[in-house]
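Here's the structure, in structure tokens; my notes come after.
Bear in mind the structure is a predicted one, so any value in this text is a computation, not a measurement. Residue numbering restarts at 1 for every chain, and letters A, B, ... go by the order of the sequence lines.
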Amino acid sequence: MNAADAGGAVKTGADHEDIESHYGVSNAFYREWLGPSMVYSCALWENAADLHEAQIAKLDYYVAQSRAHGKARVLDVGCGWGALLRRLVDHHDVGRAIGLTLSREQASWIEADAHPKVEVAVEDWRTYRPEAPFEAIVSIGAFEHFAAHGLPRAVKVRQYADFFERCVTWLAPGGFLSVQSISAQPADGEDVSRFIAQSIFPGSDLPTLCDIADAIPRELELVCLRNDRLDYSRTCNEWLHNLRARRATCIEKVGAATVEKYERYLGMSAIGFHVGRTGLLRFTLRRRA
Amino acid sequence: VTSDEFQDWLVSHLAAALGKPPAEIDVDAPFDRFGLDSAAYVSMSADVEDQLGIRLDVTDLYDHSTVRKLARHLASRGALGAR
């Protein structure tokens, strides 16, 4: 969907319906190919032997980048099925881990755990009002959904700036925000983003590195930036391999058309990261004290 | 499956997918010269997997981007027999 299709008010980013259309497909379906860790974002393959290890390494990387270890309150914007929230409280001595998601399916999954130190809210960061500041904020694989497909660039950058500015108000002085996002790296060739935007992630566009740089407010200082696109290529290959190996079971859960669409999407994504049409940015910002 | 048999199979497979006679498929031409889009690469990798009973990542088709190079790669992995 693009801004013009939304009708009435201009649509600025993915809404509940958009997010649910992707992430609410079926928890059981995702579990088949994401594996038990239920982490649906690029892994970190340095020193990892398999997908599970690489996902744990990724979670620990963001804990380290956001300096969240031992902190009292940590926020995860776009918390998925809660893997980072559980990692923070179970392995990193965090007092309270709070996650935001727009998917009710994901929130139910987390609530079913009833972890005393984990809290989840089905809420857009645009309307979220925390009761107290956070010492660290992480956002993994959500930033991609913050701007709608087809927005004028200035409006698109404004969405990212709005997110960063809110993080400034939620972060304690000196606190760290660490983000992972797919980025568009425009080049010649077919328009993969159109298929992704129309069929896979309705209501979303990808940021470029320039969009992100232009959106960072003066209160935040960049302390780390890396592009690990080959890590995402490998992660997509693993997911596609899992999906193919469990095709029959997946078809039972969501039907052949959806499985075929996901096979195509994961394969195209693997190619996009492999050839560099898309990047995988990991970056950390510090709120100036 | 020997390397030659695999190359013959892949040539027929590509010819059928492209609606061309197999004689027009050059085993040294990069796949992208046949006008394959990324969706076609995805199904091609799945078809090779089914044919050989092995794992083949779609990105391997970019790293080994002709019929002959792919056969050589698969042979080096032990997925194809000696010719």
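- At a heavy-atom cut-off of under 4.5 Å, chain A is reached by no residue from residues 66-77 of chain B.
- Using a 4.5 Å cut-off between heavy atoms, A:E238 contacts chain B through both its backbone and its side chain.
- Residues A:E263 and B:S45 fail the side-chain proximity criterion, which asks for heavy atoms closer than 4.5 Å.
- The minimum heavy-atom distance between B:V42 and A:R244, with the atom names listed, is O-NH2, 2.9 Å.
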Checking B:V58 against A:H241 for the side-chain contact (heavy atoms from CB on, under 4.5 Å) test, could you report, in this order, the C-alpha distance in whole Å, the side-chain angles of both residues, the deciding distance, and whether it holds?
CA-CA 10 Å; B:V58 62; A:H241 176 70; over 6 Å; no
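- Between B:D63 and A:H274, the closest side-chain pair of non-hydrogen atoms falls below 4.5 Å.
- Nearest heavy atom pair, residue B:S38 against residue A:I271, reads CB-CD1, 3.6 Å.
- For a residue to count as touching a neighbouring chain, one of its non-hydrogen atoms must lie under 4.5 Å from one of that chain's; by this rule B:L61 does not touch chain A.
- In the displayed structure, B:H13 atom NE2 is contacted under 6.0 Å by more than 12 heavy atoms of other residues, nucleotides or ligands.
- Between chain A and the residues B:D57, B:T59, B:L56, the largest count of heavy-atom pairs under 4.5 Å involves B:T59.
- Counting heavy-atom neighbours within 6.0 Å of B:E5 CD, excluding the residue itself, gives a total above 12.
- Here A:L240 contributes atom CG and B:E49 contributes atom CD; the two are 7.5 Å apart, rounded to the nearest 0.5 Å.
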